[in-house]
Every structure is written in C-alpha cells, then in structure tokens.
Colleague: 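Sending over a structure as structure tokens; questions will come in a sec.
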Amino acid sequence: MKATVIATFFGVFLTCTYTAKEATKKTKKAKLYVPQIDCDVKAGKIINPEFIAKCPPGCQDVKYRVYGTDIYASFSSVCNAAIHSGIIDNTGGKILVQKVAGHSGYRGSFSNGVRSLSLPRWRESFLVSEGKPRKGVTYPTTLEYSSSKSTTVKSEPKKPEQDLKGMKSADTANTSEKALEQGDTVRKENQTTPVPTPATQMATTTPTPMTTTTDPSTTMPQPTKTPAATRTTAAAAKTRPGLHRVRDMGSSSVHPAYASVVAAAASVQRQEPVATFQRAASSPAHLAMETDSWKPGLSLFDTGFSSKEELNPKPLEPISQGNQNCKVDLSFLMDGSWSIGKRRFQLQKRFLGNVAQALGIGSAGPLMGIVQYGDDPSTEFNLKTYANSKDLRNAIEKIQQKGGLSNVGKALSFVNKNFFLDANGNRGGAPNVVVVMVDGWPTDRVEEASRLARESGINIFFVTVEAAAQSEKQNVIEPNFVDKAVCRTSGFYSINVPSWFSLHKVVQPLVKRVCDTDRLACSKTCLNSADIGFVIDGSSSVGTGNFRTVLQFVANISKEFEISDTDTRIGAVQYTYEQRLEFSFDKHSTKQDVLNAIKRISYWSGGTSTGAAISYASEQLFSKSKPNKRKIMILITDGRSYDDVSMPAMAAHQNGVIAYSIGVAWAAPDELEAIASDPAKEHSFFVDEFDNLYRYVNQLIQNICTEFNSQPRN
C-alpha cells in the first residue's frame, strides 16, 4: 500500500514538472512580432538604436540607394543594404539592424547584384545581420520614425511659441539637429519659471528633460538705457564710411534701427528675448528645441527681432504646387549691412518679392528661404516656412535691416553648414542654389567659403550692385571676388547691376538662370574630388584620323573639370592586345598640362583586348586613387573584344569604380552594357561613327554630375 502511494505521488510530481516545463517552453518560444518596413526606408529615419524588421520582396532596385560596404551610412535603404550584404535576397526576409557611430568614409562596391556608392563621410552608420534576436535584448514590435511615418510617438499637438528669429544658438542648433537625426524620442519637459508671455507647453527632442528659467527683469532693455545704446551706435557709424561707404547718407550718422528700438521698448509683444521655443513641425518627433539668451548691451534690433506676425512661421502646406519646371531649393543671402542704407534696403526687399512672384513658389516647384547678413548671418525663414509666393512676399516686406559690415564669406559658410538641412525643408532631389546680394564689395574673403559650398553641392550666383568706385578700390579686401566665388567666369553665375534703382530689370534674367536645372547640375559643385581614368582603344580598326578624334573627345570632357591635386585628376591608358599607361593621376596638376598630355598621345595600332585593359586600368590607375575621391572610368572602343570583359568589369565595380562605356561603329552592345555601371542605360553610349562622338560630351558630363548631386548632403 505504501509503495502504491509513493508511486502515485511520484507520478503526479512528474506530471506537474512536465506541465511546468512545457508551459515555460511555450512562454520562451512566444513568437516575437516583427514589424515590416518598406524598401525605401532609410536607417536614419528610424529612431530605435537596434531593431528587427521584415523587408518585403523587390527591394533590389537602383532607386533604393546604398552607401558603403559592410558598414553603411544611415542615409542608405535598410533593405537594399541587407541584400548588398547577403543577409537576404530580393524575396525579402527578417534582418537585425544595429546603429553605430558615423564614419569618415564609406567604400562603394558591387555585391549580390547591388552596387553601393562611396561617400566621404556621414554622421551615423548601421550594421545589418541575420534577423535573430540577441540574448538579453528586447526588440520593439512597432518602430519609431523621425518623420510623419511614426506610429508610436503620440502627443497632444502643442502650440508653437513665437519663432525668435535671429537668436538661434549655434551650439543648441547642432545639438537639436543631432538629436533629431539620431531619432531621440519626444520627451516631456519641465518649465520651472513662466515666461512673460501666456504659458505655452513645449516639446523637445533632447534626450533629457530641459529646465528653462526666465527672469522677467532681464527680458527687456530699460528705456533709460536707450540713449546710451544710441550713442554707441552713432559713434560706430562715424567710423564706417572710411572702410565701406554708406550709400544712403540719411543713415550714415544715426542708427537706422533707432525708431525700432524705441517702439520695441513700449511693445509688450517683444518682451521675450530669453526663451526656449519650438518651430512648427509636421509631427511631434520633428519638434526641435532651440535656446538663446539676450545679452546686456544689445538693442532689440541687434537680436534680429521682427514683427509679431513674422515670428510665427506658417507650416508648409501644399497650398500651391508652384512652377514644376523650376524645382530648386533656393536661399537668398540678403545684404543687411550699413553700406546699403535704408532706402536701398527697401529696394532690395522689393526685388526679392518680385523674384518670389516670378519664380512661382510651391511645394512641387521652387522653395525659397532668406538669410540676412551683416557682421553675422541669421536665417529670416527657411525653405519650409512658406509654400506660396503671396505669403513669402508678405514675409519679405516685414524683414528689418540688421546692419554691420558685409561679411559675405561668413554668410556663405553659415549657409553651407546650416541652411540646406532636411529639417529646414531641403528636398534632396532639387538643386541647392544660393543667390548672394552684394552692395559694393564684401568686407571679408569669399573664395574659400565659396569653394567649400560648391563642393557641398551648392550652386552660387552673385548679384552685385554699384561696384566700388576708383577711389574706393583700395578698401576692397579680395579683388575679383565674384570670379573666385562662382563656378565659371562666363557670366552665367554673376550679374552686375549699376544701380539699385535698375535692379528690377534683372528679375526675369535671374529667374531664368536659377531655373535652368540642367545647367545647374554641372556647375563646379560636382566637378571636384574625382579621379577620371580614360581607357582608349588604339586598335588597328580605329585608324590614325579617328584616333585623333577620340583624343579630342577626351580633351573636351577633361577641360570641363577643375583640375588640380585637390580637385579632379585625369589619367589615361591606351590598349590594343597590350596596354600602355599614357599618364597617371599624379602626373599633371593643371588643366593645360593635362590637355597638352592628351595631345601628345601617339596612336599604337594592334588588336582589341578590352577585358585586359580594364584590369590594367584598375591596377595601374584606380588602385592608386586617393581616398574619398570618386573613381570614374571612361572607356572608348570601336569593336568587340578578343577577351572577356564581364569579369574584369565586375571586379572594377566591386572596387568602387564607376564605369562609363562609349561604343563606336562595330562595338558590341552586350559588352558595352557589361562594362558600364548599373543602370547601364545611364552609363553606356553608342555612336555610329567617330565624328559623332562630340554629341555625347555634354550628356556624359551631365550624367557624372547628376550622379554626384544625388549623393546626400552631410
């Protein structure tokens, strides 16, 4: 009996133990819900630092761009990067994504049917691996996006505070932008001391709660201090004409903002120089916090305040589609220096309003923002603030003059670093254009700032009014500053107007040039930082006369680029059965030297081993290319190769070489496509005879430039 009881008890114990284990096993094996993402989703748009996601089929497409190899810039398509790395194929599947720090360079390659692009640097990277959870890591079932796609960030819409234009702290802006790009979630904030205006809830994108304290006693300069400020400004005005003449004599001895200062002292609406505020945004995840503080001794005019209506930017709504034949992202650098005077400043505003009207501002057309410069630049409003010409013109009318010197170089640096950001409405696919208004001449140097801006993908136009008189030329810091600042000295990128009173005559000519998007794509912005290697067919079928035509074709392409050790470098290889290095990338450092070297190439004559020539060029030219330079191969041939071209071409693509193939007469179309980078239709060309090669010079340069400008801006 005792044995039976023990056996029964033991059986019940085993049953309970088995049941508990099964329950635990089922709990452990509870299926993790994996969110699905689209093919076009970029890693930088997802807030989560680590996540598992499911990619749909069909992401292996050139329109879903990838930057890097093994480690990818966060601007890349997540799913196409996973295909490139071999984690999934074009049928889709689960992947694990981990965010890591940005890198100083990303190497492009061709892998698993995907060609990734090179990128000099980017602020954030990511790794992609098999979609299996890591031990101890909890993965989200719903992803958080830093755009309107967000499905988890929910918040009551908060009324934006007045946009304190002109008081943005550079350090805070950088912090906010970085937080925005890294996808920090929107958090609640504590406001311990109310500002003098009606209380407003504020949201931030900073990782920790912010405490903002405002002392009402310091938010306004006292009326008794106004005479001292006026005396200081008047004294400064007396020293200005010797350096940079004041064109409107009525403003030479009295601060033009005097009346504004007095009016502001009695105005309640401007009693908030110290505040923490947010800009209008499309979703809570896009709310950005910015801070700055008013400094004793500055008048309200100095801080860049404007009227109450202007302090509230309007959200970008598709009120107007705009002129769709002129899709550009445009920034005007408005001259607010003392030299221009009050009357001419009004003429400048009228001119800008007329340009806005003529452009046809709209969400599918041109967008326009304004930066005013003097001693220091500040953004009046950005690209996404106004979506139609009427509102934009009204905002321009309310701009108040800053004063100060004409520091154009500083303004260009500011625009390059701060204006064309996604958060400010930059659309990426539209050319970035800056039009610089200059009264007389700049009071700082512009050459270096202009070069850096052009290399960042910005097209620069100059409108200069009333140039320096003969007696004033000794005050010009940088003679011929326009020629040093713009892409070419052909006159396309610069307009000189003899008087502010005739400025209205150049509205239409300027609009026409700004809207010439085809020409903008090939400005100096894209003609730098490349190593271009020409691989030239010297076989017997070409002939001496046609070979000289090919060399002229090579010279016509080369002369369009800015050639130096730090800009574009040119190299050349000639091939038959054998190969010959005509000159390497580091051989010639000026455009004239390169053109002379091309003329000196002698015709070889022989067979056609194009595959061996590609391998030779990869080894002798592109293996010695400088880091972070685009490697571009342009191959010209007139017949079918005696050897295989596909394997050497694939190896070149995998090493980051962007290959263009130009076929003449008897060249084989299938070989041209195999040589060319993907997509082949944009990288391969064919002409029936050598004399027609010239037709593809502009098209070839256009494609090279467009590919460059499609890379994201840092």
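Along the sequence shown, residues are numbered consecutively beginning with 1. What's counted below: heavy atoms across the whole structure, side chains too, no hydrogens, waters or symmetry copies.
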Colleague: Testing the 3.5 Å rule here: is there a donor-acceptor pair between the side chains of Glu560 and Asn556?
Modeller: no

Colleague: For Thr590 and Asp593, does a side-chain donor sit closer than 3.5 Å to a side-chain acceptor?
Modeller: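 Side-chain D/A pair, Thr590 to Asp593: present.
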
Colleague: Counting the benzene-type ring for Trp, do Tyr493 and Phe461 have ring centres under 6.0 Å apart?
Modeller: yes

Colleague: Compute whether any side-chain donor of one residue and acceptor of the other, for Tyr575 and Thr610, lie under 3.5 angstrom apart.
Modeller: yes

Colleague: How close do Ser77 and Val66 get, counting heavy atoms only, and between which atoms?
Modeller: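 Distance-wise, the nearest heavy atoms are O-CG2, 4.3 Å.
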
Colleague: Just by distance, with hydrogens left out, do Ser125 and Tyr106 show a side-chain donor and acceptor under 3.5 Å apart?
Modeller: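 Looking only at side-chain atoms, Tyr106 and Ser125 do form a donor-acceptor pair, the distance falling under 3.5 Å.
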
Colleague: Decide if atom NZ of Lys94 counts as having more than 12 heavy atoms of other residues, nucleotides or ligands within a radius under 6.0 Å.
Modeller: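 No, NZ of Lys94 has 12 or fewer neighbouring heavy atoms, counting only those of other groups under 6.0 Å.
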
Colleague: With side chains defined as the heavy atoms from C-beta onward, is the minimum distance between Ile658 and His683 less than 4.5 Å?
Modeller: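 A side-chain contact exists here, since the closest heavy-atom pair is under 4.5 Å.
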
Colleague: Verify whether the ring centers belonging to Phe75 and Trp122 lie closer than 6.0 Å.
Modeller: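 Yes, the ring centres sit under 6.0 Å apart.
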
Colleague: Would you please indicate if the ring centroids of His84 and Phe110 are separated by under 6.0 Å?
Modeller: no

Colleague: Quick check on the 6.0 Å ring-centre criterion: do Tyr696 and Phe553 meet it?
Modeller: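 Here the rings of Phe553 and Tyr696 have centres that are no less than 6.0 Å from each other.
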
Colleague: Asn80 and Asp61: side-chain donor and acceptor closer than 3.5 Å?
Modeller: no

Colleague: Can you say whether the rings of His588 and Phe583 are parallel (under 30°), tilted (30 to 60°) or perpendicular (over 60°)?
Modeller: perpendicular

